[in-house]
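Worth knowing before you read on, the calculation uses all heavy atoms, side chains too, and leaves out hydrogens, waters and symmetry mates.
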Amino acid sequence: MTAGTSLREVSRRAVQSRIARTAESLFVAKGFEETTVDEIAAAVGMSQRSFFRYFASKDEVVLDSLERLGEDLAERLASRPPGEPEWDSLRRAFDPVVERFGDPVSREHDAAIQRIIDGSPRLLASYLCRLELLQRMLTEALLERAGEDADPVVLRAMVGGAFACLHASAFPTLGDPEAFEPCLDRTMAALRPGAAR
C-alpha cells in the first residue's frame, strides 16, 4: 500500500466516523426509522449523493461501530505473542471492549446504539451476521498463527466461547462498569478450554 493510498483511507475513515457520529446523534434524538438519509447528509454538510459514497444505507451507519470494533479486536489479536495460548490471546483481544466499557461516554454511546439495534429486527439480523463474520475472522487469524496442526473446529468453538464470556459479563455489570473486567476475567478463567495451549 502506498503512502497516498494510506492517507486517502485515513481521510475516508475520518469522514465516515463524522457521518456515523452525526447520524447516531440523530437516531438517538429522533429515532432510527424517523431519521432520513437526507437529514443525516444535511447535518454533516454534504449531499445525499456524497453520503452514499461512504455508506450504502443508514443501516450501515449504525453497524459502523461494530466494524471498527472488529478491526480493533483483530489488530489486538494479531499483536499477541505467537506462543501465547489462544484463549489468553482472545482475552487480551477484548481489551478494547474493556476500555470502552470503562469510559462513561463510550459506554453510553454503545448502549444507545445497542438499543437502536435491538429495536429493529432488520438491524439485529445484520448485527448478528456481522458478529458471526467477526468471529470467523478471528478464527482465521488464530488458524494462521497456529499452523497446520490446528483444528479449525476447535478454534472456532473457542472463539465462540470467548464471545459468550464477553456477552455474559456485559449484562450483569451495566450498572457497575468497574466490575466488567473482573467479571470477564473470572468467566474466561472458569470456561478456559482444557485444550487451550
Novice: Look only at the side chain of Arg156 and the backbone of Thr139, and say whether a donor-acceptor pair between them is shorter than 3.5 Å.
Specialist: no
Novice: Find the distance between CD1 (Ile19) and CD (Glu24) and round it off to the nearest 0.5 Å.
Specialist: 11.5 Å
Novice: Any salt bridge between Asp88 and Arg80, counting N to O under 4.0 Å?
Specialist: no
Novice: Any donor-acceptor pair under 3.5 Å linking the side chain of Lys58 with the backbone of Phe32?
Specialist: yes
Novice: What pair of heavy atoms forms the shortest contact from Ala150 to Ala146, and how long is it?
Specialist: CB-CB, 3.5 Å
Novice: Going by side chain to side chain donor-acceptor pair (under 3.5 Å), name the residues that satisfy it together with Asp38, two or more places apart in sequence or in a different chain.
Specialist: Gln48
Novice: Tell me, do Asp118 and Gln114 make a side-chain contact under 4.5 Å, heavy atoms counted?
Specialist: yes
Novice: Can you name the closest pair of heavy atoms from Leu184 and Ser169 and give their distance?
Specialist: CA-OG, 3.3 Å
Novice: Within the structure provided, determine whether Leu138 and Gln135 are in side-chain contact (heavy-atom separation under 4.5 Å).
Specialist: no
Novice: Which residues pass the side chain to side chain donor-acceptor pair (under 3.5 Å) test with Arg122, not counting sequence neighbours?
Specialist: Asp59
Novice: What's the separation between atom CZ in Arg130 and atom CG in Leu69, rounded to the nearest 0.5 Å?
Specialist: 12.5 Å
Novice: State, yes or no, whether a side-chain contact exists between Leu90 and Phe163 at a heavy-atom distance under 4.5 Å.
Specialist: no
Novice: Which value, rounded to the nearest 0.5 Å, describes the distance between Glu60 atom CD and Glu67 atom CD?
Specialist: 8.0 Å
Novice: Looking only at heavy atoms, which two atoms of Pro182 and Glu178 are closest? And how far apart?
Specialist: CD-O, 3.3 Å
Novice: Which value, rounded to the nearest 0.5 Å, describes the distance between Leu191 atom CG and Met158 atom CE?
Specialist: 12.0 Å
Novice: Do NZ/NE/NH1/NH2 and the carboxylate oxygens of Arg115 and Glu108 come within less than 4.0 Å?
Specialist: yes
Novice: Taking all heavy atoms of Phe94 and all of Ala162, pick out the closest pair and write down the distance.
Specialist: CE1-O, 3.4 Å
Novice: Are Phe51 and Val61 close enough that some pair of their side-chain heavy atoms sits under 4.5 Å apart?
Specialist: yes
Novice: Taking only Lys NZ, Arg NE, NH1 and NH2, and the carboxylate oxygens of Asp or Glu, determine whether Glu181 and Arg91 approach each other closer than 4.0 Å.
Specialist: yes
Novice: About how many Å separate SG of Cys129 and CG of Leu63, when rounded to the nearest 0.5 Å?
Specialist: 10.0 Å
Novice: Apply salt bridge (Lys or Arg N to Asp or Glu O under 4.0 Å) to Glu39 and Lys30, showing your working.
Specialist: CA-CA 11 Å; Glu39 288 171 322; Lys30 292 187 63 178; 2.5 Å; yes
Novice: Quick one: does Ile113's side chain get under 4.5 Å of His109's, heavy atoms only?
Specialist: yes
Novice: Please report the shortest heavy-atom distance between Tyr54 and Met46, naming the atom on each side.
Specialist: CE1-CE, 4.3 Å
Novice: When hydrophobic residues are tied together by side-chain contacts of less than 4.5 Å, even through go-betweens, does Met188 share a cluster with Phe171?
Specialist: yes
Novice: Decide whether Ser25 and Thr22 meet the rule of one side-chain donor and one side-chain acceptor closer than 3.5 Å.
Specialist: no
Novice: Quick check: closest heavy atoms across Leu26 and Thr35, and the distance to 0.1 Å?
Specialist: O-OG1, 3.5 Å
Novice: Side-chain contact, heavy-atom cut-off 4.5 Å: Leu73 with Asp95?
Specialist: no
Novice: Classify the ring geometry of Phe101 against Phe180: parallel below 30°, tilted from 30° to 60°, perpendicular beyond 60°.
Specialist: parallel
Novice: Looking at Arg136 and Glu132, is any side-chain nitrogen of the basic one under 4.0 Å from a carboxylate oxygen of the acidic one?
Specialist: yes
Novice: List in chain and number order the residues that pass side chain to side chain donor-acceptor pair (under 3.5 Å) with Glu99, two or more places apart in sequence or in another chain; answer none if no residue qualifies.
Specialist: Arg76
Novice: Do other residues, nucleotides or ligands put more than 12 heavy atoms under 6.0 Å from the CD atom of Glu34?
Specialist: yes
Novice: Does any non-hydrogen side-chain atom of Ser17 lie less than 4.5 Å from one of Arg68?
Specialist: yes
Novice: Are Arg145 and Glu86 ion-paired here, with the side-chain N under 4.0 Å from a carboxylate O?
Specialist: no
Novice: Mind checking the CD-CG spacing from Glu148 to Leu143? Nearest 0.5 Å is all I need.
Specialist: 12.0 Å
Novice: Consider only side-chain heavy atoms of I, L, V, M, F, W and Y, link residues closer than 4.5 Å, and tell whether Leu128 and Leu123 are in one cluster.
Specialist: yes
Novice: Is there a path from Ile117 to Leu133 through hydrophobic residues (I, L, V, M, F, W, Y) whose side chains come within less than 4.5 Å of each other?
Specialist: no
Novice: Does Arg107 pair with Asp103 as a salt bridge, N-O distance under 4.0 Å?
Specialist: no
Novice: Could you tell me whether the side chain of Trp87 reaches within less than 4.5 Å of the side chain of Cys165, counting heavy atoms only?
Specialist: yes
